[in-house]
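We number each residue from 1, following the sequence as shown.
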Amino acid sequence: AMASGTPVVACNVRGPKDIISGGIDGILVKDRDPGELADAVTFFLEEPEARESYTKRARDKVREDFDHKRMRTQLLAEYNRLT
């Protein structure tokens, strides 16, 4: 979602919280809290400027932190370390 320009609303659990900076490039909500989830989705629907800002920062983050070459280099380094 971050790479595609889709606004991100995710649960604040391991995985999403390791990638998303809540309030910057996505919104993290409490796990199993439908009201908070609805509020976050509503925010993106009602605030197009904020939605655009969040999605731009998310795309920039993906380009910088998850670049294919960088990820390949890190993965190979980890394989080499383990073998």
S.K.: Arg63: what forms a salt bridge (Lys or Arg N to Asp or Glu O under 4.0 Å) with it, not counting sequence neighbours?
M.R.: Asp60

S.K.: Residues in side chain to side chain contact (heavy atoms under 4.5 Å, CB included) with Ala3, at least two apart?
M.R.: Val62

S.K.: Taking all atoms of both residues into account, what is the closest heavy-atom pair of Pro16 and Ala10, and its distance?
M.R.: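 Result for this residue pair: CB-CB, 3.8 Å.
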
S.K.: Got a sec, which residues hit side-chain hydrogen bond (donor to acceptor under 3.5 Å, both in side chains) with Ser53, two or more places apart in sequence or on another chain?
M.R.: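 Arg57.
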
S.K.: Quick one: list whatever passes side chain to side chain contact (heavy atoms under 4.5 Å, CB included) with Gln74, sequence neighbours left out.
M.R.: Arg70, Met71

S.K.: Please check this pair: side chain of Asp67 against backbone of Glu64, looking for a donor-acceptor N/O pair closer than 3.5 Å.
M.R.: no

S.K.: Side-chain polar contacts of residues 75-82 - donor-acceptor pairs under 3.5 angstrom, sequence neighbours left out - could you list them?
M.R.:
{"from": "Glu78", "atom 1": "OE1", "to": "Arg81", "atom 2": "NE", "distance (Å)": "3.2"}
{"from": "Glu78", "atom 1": "OE2", "to": "Arg81", "atom 2": "NE", "distance (Å)": "3.4"}
{"from": "Glu78", "atom 1": "OE2", "to": "Arg81", "atom 2": "NH2", "distance (Å)": "2.6"}
{"from": "Asn80", "atom 1": "ND2", "to": "Leu76", "atom 2": "O", "distance (Å)": "3.2"}

S.K.: Considering only residues two or more places apart or on different chains, which pairs with a residue in residues 23-47 satisfy side chain to side chain donor-acceptor pair (under 3.5 Å)?
M.R.: Asp25-Lys61

S.K.: Specify the closest pair of heavy atoms between Thr55 and Pro7, including all atoms of both residues, with the distance to one decimal.
M.R.: CG2-N, 3.5 Å

S.K.: Can you name the residues that form a side-chain hydrogen bond (donor to acceptor under 3.5 Å, both in side chains) with Thr83, not counting sequence neighbours?
M.R.: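 If we apply the side-chain hydrogen bond (donor to acceptor under 3.5 Å, both in side chains) test to Thr83, skipping adjacent residues, there are no hits.
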
S.K.: When clusters are formed from ILVMFWY side-chain contacts under 4.5 Å, directly or step by step, what else is grouped with Phe43?
M.R.: Val9, Ile27, Val29, Leu37, Val41, Phe44, Leu45, Tyr54

S.K.: Run the salt bridge (Lys or Arg N to Asp or Glu O under 4.0 Å) test against Arg14 and tell me which residues pass, sequence neighbours left out.
M.R.: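 Expected list: none.
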
S.K.: Enumerate the salt bridge (charged side-chain N to carboxylate O under 4.0 Å, His left out) contacts for residues 3-12, please, sequence neighbours excluded, ordered by first and then second residue.
M.R.: none

